[in-house]
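Notes for the one structure printed next.
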Amino acid sequence: MNSDDYDVVIVGGGPSGATAAIELAKLRRKVAIIDKDGRIKPCGGAVPPRLINDFEIPDSQIVAKVTTARMISPTARKVDIPIENGYVGMVERENFDEFLRSRAKRAGAHRFTGTFLRIIRNSKGKSVSVVFKDKKTLKEITLKTKLIIGADGARSKVARAEVPGGKTIPYVIAYHEIIEAPKNNYYDPDRCDVIYDGNISPDFYGWIFPHGKSASVGMGTKVNGFDLKTATAKIRLNSGLDKCKTIRKEGAPIPLKPLEIWDNGMDLVLAGDAAGVVAPSSGEGIYYAMIGGQEAAFATHTCLLSGNPKDLQLARKRFMSEHKTVFRVLEAMQNAYYKSDDRRERFVSLCKDIDVQRLTFESYMHKKLVTKKPLAHLKIMVKNILHLSGLVKATT
């Protein structure tokens, strides 16, 4: 196959790019995927049941099944939330991402390993090509294509070069350490710990997530100059994990808000972190990245059928139509509760409420706001107001 035969070239082979490649290959589109080799994104690795079911993820990719979430306040109070009627799956990104890329190749996508360099167009703008540096030969390779999907993560080079707002997308820096899972009284291989403490993160949270034989310990912040490694060391010390062997250390930006525009109006659309689709408050990104990949595939396929570049806007329109309400609620929660340790203390106190627990995890597991329990929503709204106003003590 000649390089100029591609319908779509995808820059980036994470969950979003790989999913887009799978979808397009199933539609019998000639698709290529370009990805760096050896990069492992720092990630807690949580995937909800809806992702596992919708994307047919085999049990072999699930390294742990979490049945309890523990919220830890600035004063070290702990609230354990049972995950009813199921579990939250945990994946190891090194293996999970490669699994998705291999699935894309089996579906018919062409895989290239290298570093994206630039996009070039002819003088009339009727031809577009992606140039990358091949890992093996170190030579520049040019792939001619009809359309491009930029799925190269936060701080996306594609977004910066092609899409308005791509240079200024806000983000937090996430850092974690993968350690050997211990056997002690504190650590539970079936529990996620989420730490709300300004000494650990002044504007986000810290975590301990089980990964089977290993665990992810880390935190995130957008505050310049905050020492992420020292904060992570505190988590390990406070949790009895300081003596555990460190397997590797990783850091990367995580976007905070979806971009207002995902396409360049001609021949390119963004997906995943490059489009900013990480859930506020929780920082969850894998599910939304894969949905974003699906929508980018739908938009490019539709554009190829119609010849109308406006169809590239379908990726954002369809994604936000389904998920914007959840994003707005989570953003409001982050703005309300992550401002101070007093607010964090009140948030953890609120998490003791059974209605909050059930509605939160029903929404998380199924990826939509629960609308069938209006009385519970009303009760939560009242409790929210009481906690934020200080009329309810955080210790109650």
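When each of Tyr337, Trp207, Phe347 is tested with Tyr196 by the rule ring pair (Phe, Tyr, Trp, His ring centres under 6.0 Å), just one qualifies, namely Phe347.
For Ser73 (side chain) and Glu345 (main-chain N/O), no donor-acceptor pair under 3.5 Å exists by modelled atom type. For the pair Asn95 (side chain) and Glu98 (backbone), a donor-acceptor distance under 3.5 Å is absent. Asp190 contributes no side-chain N or O that, together with a main-chain N or O of Thr67, makes up a donor-acceptor pair within less than 3.5 Å. In terms of modelled atom types and a separation under 3.5 Å, the side chain of Ser201 and the main chain of Gly220 share a donor-acceptor contact. The main-chain N or O of Val223 is found under 3.5 Å from a side-chain atom of Thr221 such that the two form a donor-acceptor pair. Between the side chain of Arg101 and the main chain of Gly13, a donor-acceptor pair closer than 3.5 Å is present. Between the side chain of Asp203 and the backbone N or O of Lys222 there is at least one donor-acceptor pair closer than 3.5 Å.
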Show every donor-acceptor pair shorter than 3.5 Å between a side-chain atom in residues 250-261 and any protein atom, with sequence neighbours excluded, or say none if there are none.
| from | atom 1 | to | atom 2 | distance (Å) |
| --- | --- | --- | --- | --- |
| Glu250 | OE1 | His176 | NE2 | 2.6 |
| Glu250 | OE2 | Arg248 | NE | 2.2 |

Please step through salt bridge (Lys or Arg N to Asp or Glu O under 4.0 Å) for the pair Arg118 and Glu140, ending with a clear verdict.
-> CA-CA 10 Å; Arg118 60 189 175 274; Glu140 290 191 8; 2.7 Å; yes
Passes side chain to side chain contact (heavy atoms under 4.5 Å, CB included), Asp59 versus Lys65? Steps please.
-> CA-CA 10 Å; Asp59 201 56; Lys65 296 181 178 181; 3.1 Å; yes
Given side chain to side chain contact (heavy atoms under 4.5 Å, CB included), test Arg29 with Tyr6 step by step and report yes or no.
-> CA-CA 8 Å; Arg29 292 296 180 185; Tyr6 288 114; over 6 Å; no
Give the intermediate values and the outcome of salt bridge (Lys or Arg N to Asp or Glu O under 4.0 Å) for residues Asp7 and Lys146.
-> CA-CA 5 Å; Asp7 293 315; Lys146 298 181 180 74; 3.1 Å; yes
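For an aromatic pair to be called close, the ring centres must be under 6.0 Å apart, and Phe327 with Tyr288 satisfies this.
Using a 4.5 Å heavy-atom cutoff, the side chains of Arg121 and Met266 are in contact. Side-chain contact between Thr115 and Lys36: present, with at least one pair of heavy atoms (C-beta onward) separated by less than 4.5 Å. Contact annotation: the side chain of Val217 approaches that of Thr232 to within less than 4.5 Å [non-hydrogen atoms, C-beta and beyond]. Side chains of Ile208 and Tyr186 form a contact here, defined as non-hydrogen atoms less than 4.5 Å apart. Taking 4.5 Å as the limit, some side-chain heavy atom of Tyr87 sits within range of a side-chain heavy atom of Ile52. Inter-residue side-chain proximity for Tyr187 and Pro210 is flagged as met; some heavy-atom pair is nearer than 4.5 Å.
Arg70 has no carboxylate O lying under 4.0 Å from a charged side-chain N of Asp188, or vice versa, which leaves the two without a salt bridge. Comment: Asp242 does not engage Arg236 in a salt bridge, judged by the lack of any side-chain N to carboxylate O separation of less than 4.0 angstrom. Under the 4.0 Å criterion applied to side-chain N and carboxylate O atoms, Asp227 and Lys229 are not assigned as salt-bridge partners. The residues Asp152 and Arg160 are annotated as not salt-bridged, no charged nitrogen and carboxylate oxygen being separated by less than 4.0 angstrom.
Summarising the local packing, NZ of Lys78 is surrounded by more than 12 heavy atoms from other residues, nucleotides or ligands at distances under 6.0 Å.
Under the rule for a side chain to side chain donor-acceptor pair (under 3.5 Å), Asp263 has no partner lying at least two apart in sequence or in another chain.
Ring geometry for Phe319 against Trp262 counts as tilted: the plane angle lies between 30° and 60°, on a 0 to 90° scale.
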